[in-house]
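Some notes on the structure that comes next.
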Amino acid sequence: MKQEEDFDANLAGEDGEAAETKVSWFKRAKRGILTSTKDKKDAPEGLWAKCPNCKYTCTISELQENKFVCPKCEYHHRIGSDEYFDILFDEGKFTELFANIKSKDFLHFVDLKPYDKRLEETYAKTDIHDSITVAHGKVNGEDLVVACMDFEFIGGSLGSVMGEKISRACDYCIGHKVPFMIINKSGGARMMESAFSLMQLAKTSGKLTQLSEAKVPYISLCTDPTFGGTTASFAMLGDVICGEPGALIGFAGPRVIKETIKRDLPEGFQRSEFLLEHGFLDFIINRKELKDKLSNLLVLFRS
Amino acid sequence: MPQLKNRQFLDFEKPIKDLYDQIEQLKLSQEKNKKIDMSSTIEGLEKTIIETKQQLTETLTPWQRVQLSRHPDRPYTLKYIEKMCTNFIELHGDRNVRDDKAMVGGFAQLGDETVMIIGQQKGNNTKTRQMRNFGMANPEGYRKALRLMKLAEKFNKPIITLIDTPGAYPGLEAEERGQGEAIARNIYEMISLKVPVICVIIGEGASGGALGIGVGDKVVMLENTWYTVISPESCSSILWRTWDKKETAAEQLRLTGTDMLQFGLVDDVIPEPMGGAHWDYDGAANILKNYLIPAIQELKQKTPEQRVEERISKFGKMGFWDEA
């Protein structure tokens, strides 16, 4: 699976040249409390999806049935929080937490576009609240709070809102004695929030120490891609750290490394298999087995 | 400090260089012609130098501050240690892979106190710059720093970190050995260290590479330094798709001490000698030492639990958002 990728553009708030930002064919009509799966995800008829890896073409509903894993080559399509919640939570039911926290252009940051305008456009385009969504639900009967990132929201970038939502999720998990999971999918820090975004690394780490002291299990799932600030903090701090097959995971992006060392990167560099081999992942989990393995793990922690 | 003839000057420091050159010229002609007394002219020029330095410092743009933070004559970590401390014993290695020369540390005496002092180290000529990897640590550097911090904690010694890095090294082996994990681990462990921790940005404070030794009870910046999530150059290349917008990026990022203090992201800004630390190493080290000694005493008044709690809550408050 050789795939040169540069998610800088996504971090800059553009769609970029990434193979795909997210498979998004359906839109949620109403968000939040107890949205049942069957009500909302009838894929429109006649839509087709092409695998960016093996070019296999199948219908959306077939792909969806297969948890957005290519039926032919097992390529894991990029999906968002909606899809992960549907895959993980029993009957697709969950309660969204802290949905009222929204990004703000405190610094009046202007690059090619003012940050507040970029935010407005992203809200209009994506129908999600921010680059992370937190939900409480049951996974095969086991309680779990999941904080899941959305790459389509400014490259899943780590800003104040992500830091605050993760912090509150930790408090919530300590209070309710519910295990915590973060599904990482991020290109790195939200530069438009400057040093505030950097400080989220320290902020969330502080909360994770409290979660750890309360003996609440914390699972980190690294999906494609997991980079920068996320890797340099909570993504690498799980009691259990796992990855999806083929996911790119690292601190510095491949482009930067290539420019620094001035030679090509080896095949498979920074893929989850590479991280497993070097001892940074506990295991790699196919998305089709994610739910069951996760609930088994939760049972082991609980009993 | 380099001798005058070996000094390097940034573009905007050129007026200062011109004045020094003029003085040199006058001194030369004075030697040739002893009849004319030029001492008053020289004195006048020396006064002008001070005024010029003062003026420059007052009107620095954010990008010029970034340039000053990288000034080739600027004092680095080992220089500060040499000037501030006695009996420094450098401790090497992470006990796993190797000794990372971009990160140094060890026990030292600061005033009456034994402290653990750790920081990134840059070189001052081609050879040492390479040896120090331009102050860009690998995972083993961060792990060495953590080992030393744990050692300090065990023997109840305060920790001082001196931050000066263009970033953690973005290399192939660095990734293999878990650069992200190393930094994450440091941040996580530092926030609950039982001893007082003071972090000082003495040069460049670039992103995770800086924060990897930057979580403390007090985080302070020297006057001519910067601290933010990305270097202005990389920010320009990503957000503006060109390398030419670094000045604009430096402005937009609000990366100076004044901004960071105003945002509550650092606790103090420490002044530097006139014109910048590179003009007076003793002066710069002295100002910092006089800040650190009472700061350590102040932190020692608190219990370890209090310090940890306050550290977590201080960082916990950072960020901005709207809440509907």
Side-chain angles (χ1 to χ4, degrees), chain A residues 8-9 11-12 100-104 106-107 109-112 159-161 163-164 167 189-203 205-210 227-229 231-237 249-253 256-257 260-261 265-266 269-270 274-275 278-280, chain B residues 167-172 174-185 187-192 205 207-208 210-212 214-215 227-230 234-235 237-241 245 248-249 252-255 259-260 263 265-266 308 311-324:
Chain A
D8 284 352
L11 278 183
N100 55 336
I101 305 174
K102 289 181 103 181
S103 286
K104 179 180 169 180
F106 177 79
L107 296 172
F109 193 99
V110 183
D111 46 77
L112 294 177
S160 299
V161 168
E164 181 64 15
S167 297
R190 180 148 331 153
M191 279 161 281
M192 301 82 166
E193 296 190 9
S194 191
F196 284 95
S197 70
L198 178 64
M199 296 310 159
Q200 304 311 309
L201 278 64
K203 173 173 176 167
S205 296
K207 278 292 160 194
L208 287 177
T209 61
Q210 294 177 336
F227 271 87
T231 310
S233 62
F234 40 79
M236 284 292 139
L237 292 171
I249 306 162
F251 175 66
V256 176
I257 298 174
T260 306
I261 64 171
L265 302 172
F269 181 65
Q270 291 185 320
F274 173 93
L275 269 89
H278 285 89
F280 292 99
Chain B
Y169 186 59
L172 196 138
E175 293 291 321
E176 276 180 357
R177 294 197 286 270
Q179 189 71 284
E181 195 276 344
I183 292 171
R185 182 70 45 206
I187 295 170
Y188 181 86
E189 295 288 344
M190 282 186 89
I191 210 151
S192 36
S207 199
L211 192 64
V215 181
Y227 188 16
T228 192
V229 70
I230 188 167
S234 305
C235 183
S237 92
I238 297 175
L239 292 186
W240 281 268
R241 325 283 152 77
K245 290 285 182 182
T248 317
Q252 290 296 311
L253 285 167
R254 313 284 290 273
L255 42 62
D259 283 326
M260 292 291 282
F263 298 149
L265 300 181
V266 298
V308 173
R311 227 178 275 154
I312 293 177
S313 86
K314 178 178 85 172
F315 285 99
K317 287 195 193 90
M318 293 176 183
F320 50 84
W321 58 85
D322 276 327
E323 205 158 348

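Side-chain atoms are counted along with the backbone in the values below, which use heavy atoms only and exclude waters and symmetry mates. What you are looking at is a predicted structure, and each value in this text was computed from that prediction instead of being measured.
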Which portion of [X] sits near chain A, non-hydrogen atoms under 4.5 angstrom:
X        : value
B/Ile238 : both
B/Leu239 : both
B/Met190 : neither
B/Arg185 : both

Can you tell which part of [X] gets under 4.5 Å to a heavy atom of chain B, answering side chain, backbone, both or neither?
X        : answer
A/Leu112 : both
A/Phe280 : side chain
A/Phe269 : side chain
A/Glu193 : both
A/Phe274 : side chain

Residue, of B/Gly167, B/Gly208, B/Gly178, B/Ala249, that accumulates the most heavy atom pairs under 4.5 Å with chain A |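 Highest number of heavy-atom pairs under 4.5 Å: B/Gly178.
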Quick check on the interface: out of [options], who has the most heavy-atom pairs with chain B under 4.5 Å?
options                                : result
A/Ile261, A/Leu11, A/Ile101            : A/Ile101
A/Met192, A/Gln270, A/Gln210, A/Lys104 : A/Lys104
A/Ser167, A/Ser205, A/Ser103, A/Ser194 : A/Ser194
A/Leu107, A/Val161, A/Leu237, A/Val256 : A/Leu237

Among all residues two or more places apart in sequence or in another chain, which pass the side-chain contact (heavy atoms from CB on, under 4.5 Å) test with A/Thr209?
->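 A/Thr209: side-chain contact (heavy atoms from CB on, under 4.5 Å) contacts with B/Tyr188, B/Ile191, B/Ser192, B/Ile312.
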B/Lys245: side-chain contact (heavy atoms from CB on, under 4.5 Å) partners, not counting sequence neighbours |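 For B/Lys245, the residues satisfying side-chain contact (heavy atoms from CB on, under 4.5 Å) (neighbours in sequence not counted) are B/Ser236, B/Trp240, B/Thr242, B/Thr248.
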Could you pull out the closest heavy-atom pair between [X] and [Y], with the gap in Å?
X        : Y        : result
B/Ala184 : A/Met236 : CB-CB, 4.2 Å
A/Ala12  : B/Arg241 : CB-NH2, 3.4 Å
B/Gly180 : A/Phe251 : N-CB, 3.7 Å

With A/Phe196, the side-chain contact (heavy atoms from CB on, under 4.5 Å) member among B/Val229, B/Thr228, B/Leu265 =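 The option that passes is B/Leu265.
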B/Phe315: which of A/Lys207, A/Gln200, A/Met199 passes side-chain contact (heavy atoms from CB on, under 4.5 Å) |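 Of the listed residues A/Lys207, A/Gln200, A/Met199, the side-chain contact (heavy atoms from CB on, under 4.5 Å) partner of B/Phe315 is A/Met199.
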Euclidean distance, [Y] [atom2] relative to [X] [atom1], rounded to 0.5 Å:
X        : Y        : atom1 : atom2 : value
B/Glu175 : A/Thr231 : CD    : OG1   : 8.0 Å
A/Asp8   : B/Ser234 : CG    : OG    : 9.0 Å
B/Glu176 : A/His278 : CD    : NE2   : 4.0 Å

Looking at side-chain heavy atoms only, is the closest gap between B/Leu172 and A/Pro266 below 4.5 Å?
->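 Yes, close enough: below the 4.5 Å cut-off.
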Judged by atom type as modelled, is there a donor-acceptor pair below 3.5 Å linking the side chain of [X] to the main-chain atoms of [Y]?
X        : Y        : answer
B/Gln252 : A/Val110 : yes
A/Ser160 : B/Gly319 : no
A/Lys102 : B/Ala324 : no

